[in-house]
Amino acid sequence: MTEITAHHGLFKDTNLHVDDTGGDGRPVVLIHGWPLSGESWSKQVPAFEAAGYRVITYDRRGFGRSDKPRTGYTYDTLTEDLHTLLTELDLNDVTLVGFSAGGGEVARYFTLYGTERLHSVVFASAVPPFLLKSPANPDGPLTAAEAAKMTAALTANQEKFYDDFITQFYSVEAVLKVTEAERQQTLTLALQSSKVAALACMAAFASTDFRDDLTKVTIPTLVIHGDADGVVPFEGSGARTHQAIPGSELVLIPGAPHGVITSNPDEWNTAVLNFLRK
C-alpha cells in the first residue's frame, strides 16, 4: 500500500491510494469501475500475481481510500492521474485494464500520452466509445432521459440508489448472479465514494465521446464483455469498440452481467491471462 500525489490542484495536492504487489513481473494496472474502488479487483489480483505479473490497483480520486476533492472529474484529469501513477512508479511495458468507467481512462490515455509506456490494453465491460445517445451518436445505449433519471436518483438518496444500482450491476433479467454477501461487499465500496465525485464522474462517463481516442489505439487490445450486461450493453459499447480498433480481440462471457469480474471470475481471468501471455 502506498500513496502517490496525483495532481496539483489550485489549493492542494490530491493523493491516490495505490496497492502494488511488487516484484519483477510485467506490470498490469487495473482501473476500477464506478462507483467502486481498487478493492473491487479482489478476485483478479491474486490470480494475476500467481501468474507472475506485478499487479497495481488504485482508487480513483473521489472514491475508496483516495482523497476526495470537489473538482477534477473530467476524463482528462482522471487520465492525468493514471499517467502520474505510471510515472511515479516508473512503470513501462504496462498492460492497462479498464473496467466499465475505467475504460474511459484507457481510451483517453492514447490521445494524451501515446503508447510509450504501454504494452497492451483491455477494455472490460467498458463505456467507450460513447454512451450517450444523440443524433450524432444514434447507437449510444444511454438516453438523455435515462441519464437524467440516474442523476436525480443519486442526488435524492444515494443509499437507495446504490442499493438498486449494485443489484442491477450483478443481475441478468432480474436474477442476481452473485451471492448476497458479494452484493453487500460491493455496496460497501460504493458508499465509500464522495457524492460530489460520483455525480461528476457519472456525467463524465455518460457524456464523454471516446470515438476519436479509439482511433489512436495501435497496440494489442482485448475487448471483453458479459453478453447479458444490462448496465453497459455489449451492442452499444464493447461491439463498437471492437469494431473501432483494427486487430482487437473479442471475448464474450456467456450469460454474464455487468459485474462479470465478480460473477464469472474464473472465465474472465482465464481470458485476460491468455491475452497477457501473447
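Remark: Arg108 engages Asp76 in a salt bridge, criterion side-chain N to carboxylate O under 4.0 Å. Contact check on Arg183 versus Glu180 returns a salt bridge, with a Lys/Arg side-chain nitrogen under 4.0 Å from an Asp/Glu carboxylate oxygen. With salt bridges taken as basic N to acidic carboxylate O contacts below 4.0 Å, none links Glu49 and Arg54. The residues Arg117 and Asp90 are annotated as salt-bridged, a charged nitrogen and a carboxylate oxygen being separated by less than 4.0 angstrom. Using a 4.0 Å cut-off between charged nitrogen and carboxylate oxygen, Arg65 and Asp19 count as a salt-bridge pair. For the pair Glu249 and Lys278, the salt-bridge criterion is met [side-chain N within less than 4.0 Å of a carboxylate O]. Between Lys43 and Glu182, at least one side-chain N (NZ, or NE/NH1/NH2) sits under 4.0 Å from a carboxylate O, which counts as a salt bridge.
Ring centroid separation for the pair Phe123 and Phe99 does not come in under the 6.0 Å cut-off. Side-chain rings of Trp34 and Phe169 stay apart, their centers remaining 6.0 Å or farther from each other.
Counting heavy atoms from C-beta outward, Val121 and Ile219 have side chains that approach closer than 4.5 Å. Phe210 has its side chain out of reach of Thr241: every pair of non-hydrogen atoms, C-beta onward, lies at least 4.5 Å apart. In this structure, Tyr73 and Arg60 have side chains that are not in contact, with every pair of non-hydrogen atoms separated by 4.5 Å or more. Two residues are said to be in side-chain contact when any heavy atoms from C-beta on lie closer than 4.5 Å; Leu91 and Pro27 meet this criterion. Residues Asn274 and Val272 form no side-chain contact, since every pair of their non-hydrogen atoms from C-beta on lies 4.5 Å or further apart. Side-chain atoms of Ser263 and Pro257, non-hydrogen and from C-beta on, do get closer than 4.5 Å to each other. Using a 4.5 Å heavy-atom cutoff, the side chains of Arg61 and Pro69 are in contact. Using a 4.5 Å heavy-atom cutoff, the side chains of Arg240 and Asp139 are in contact.
The distance from the CG atom of Leu96 to the CG atom of Leu30 is 9.5 Å, given to the nearest 0.5 Å. Between the CG atom in Asp229 and the CD atom in Gln168 there is a gap of 9.0 Å [rounded to 0.5 Å]. Taken from CD1 in Ile224 to CD in Glu267, the straight-line distance is 9.0 Å, to the nearest 0.5 Å. To the nearest 0.5 Å, atoms CD1 (Ile261) and NE2 (His32) are separated by 10.5 Å. To the nearest 0.5 Å, atom CD1 of residue Ile56 and atom OG1 of residue Thr21 are 6.5 Å apart. Leu191 contributes atom CG, which lies 11.5 Å from atom CZ of Phe161 (distance to the nearest 0.5 angstrom).
Side chains of Tyr109 and His83: a donor-acceptor N/O pair is present below 3.5 angstrom, by distance only. Using a 3.5 Å distance cut-off with no hydrogens or angles, the side chains of Asp213 and Thr111 do pair a donor with an acceptor. Side-chain N/O atoms of Tyr170 and Thr262 include a donor and acceptor closer than 3.5 Å. Between the side chains of His242 and Ser248, at least one donor N or O lies within less than 3.5 Å of an accepting N or O. Side-chain polar atoms of Ser66 and Tyr58 form no donor-acceptor pair below 3.5 angstrom. Donor-acceptor pairing under 3.5 Å is recorded for the side chains of His258 and Ser100.
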- [ ] Please report the C-alpha distance between Leu276 and Arg26 in whole Å, then the side-chain angles of each, then the deciding distance to 0.1 Å, and finally whether the side chain to side chain contact (heavy atoms under 4.5 Å, CB included) criterion is met.
- [x] CA-CA 9 Å; Leu276 291 174; Arg26 190 160 60 77; 4.1 Å; yes

- [ ] Evaluate side chain to side chain contact (heavy atoms under 4.5 Å, CB included) for Leu118 paired with Tyr113, printing each intermediate quantity in order.
- [x] CA-CA 10 Å; Leu118 304 184; Tyr113 303 106; over 6 Å; no

Open item on the list: Run the side chain to side chain contact (heavy atoms under 4.5 Å, CB included) test on Val106 and Val122 for me, step by step, so that the C-alpha distance in whole Å, both residues' side-chain angles and the decisive distance to 0.1 Å come before the verdict.
Closed with: CA-CA 8 Å; Val106 174; Val122 178; over 6 Å; no

Open item on the list: Under the criterion side chain to side chain contact (heavy atoms under 4.5 Å, CB included), I'd like the reasoning laid out for Leu222 against Val251: C-alpha separation, chi angles, the key distance, then a yes or no.
Closed with: CA-CA 8 Å; Leu222 171 66; Val251 173; 3.8 Å; yes

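The backbone N or O of Pro265 lies less than 3.5 Å from a partner atom in the side chain of Asn269, making a donor-acceptor pair. The backbone N or O of Asp212 lies less than 3.5 Å from a partner atom in the side chain of Thr215, making a donor-acceptor pair. Ser237 places no side-chain N or O within donor-acceptor distance of the main-chain N or O of Phe234, the cut-off being under 3.5 Å. His225 places no side-chain N or O within 3.5 Å of a backbone atom of Ile253 that could act as its donor or acceptor partner. Thr208 places no side-chain N or O within donor-acceptor distance of the main-chain N or O of Phe205, the cut-off being under 3.5 Å. No donor-acceptor pair closer than 3.5 Å links the side chain of Asp59 to the backbone N or O of His17. No donor-acceptor pair closer than 3.5 Å links the side chain of Thr221 to the backbone N or O of Val217. Using a distance-only test at 3.5 Å, with no hydrogens or angles considered, no donor-acceptor pair links the side chain of Asp209 to the main chain of Phe130. Judged by distance alone, with hydrogens and angles left aside, the side-chain atoms of Lys195 form a donor-acceptor pair with the main-chain N or O of Thr155 at under 3.5 Å.
In Gln184, the CD atom is crowded: over 12 heavy atoms of neighbouring residues, nucleotides or ligands sit closer than 6.0 Å. Other residues, nucleotides and ligands contribute at most 12 non-hydrogen atoms within 6.0 Å of the NZ atom of Lys160.
Follow the hydrophobic side-chain contacts under 4.5 Å out from Leu85 and you reach Ile31 in the same cluster. Under the 4.5 Å side-chain heavy-atom criterion for grouping Ile, Leu, Val, Met, Phe, Trp and Tyr, Tyr53 is not connected to Leu86 through any hydrophobic cluster. The hydrophobic cluster containing Leu176 also contains Leu36, counting ILVMFWY residues as joined when their side-chain heavy atoms lie under 4.5 angstrom apart, directly or transitively. The hydrophobic clustering, which links ILVMFWY residues whose side-chain heavy atoms are closer than 4.5 Å, places Val231 and Tyr162 together. Hydrophobic clustering (ILVMFWY, side-chain heavy atoms < 4.5 Å, transitive): Phe63 and Trp41 are in one cluster.
Across Val127 and Gly104, no two heavy atoms sit closer than the pair CG2-N, 4.3 Å. Shown here for Gly255 and Ala228, the closest heavy-atom pair between the two residues is C-CB, 4.0 Å. Pairing each heavy atom of Ser125 with each of Gly226, the nearest pair is OG-N, 4.1 Å. Considering all non-hydrogen atoms of both residues, Pro254 and Leu252 come closest at CD-O, 3.4 Å. The heavy-atom pair separating Leu273 from Ala47 by the smallest distance is CD1-O, 4.3 Å. The minimum heavy-atom distance linking Gly72 with Thr77 is given by the pair O-CG2, 3.3 Å.
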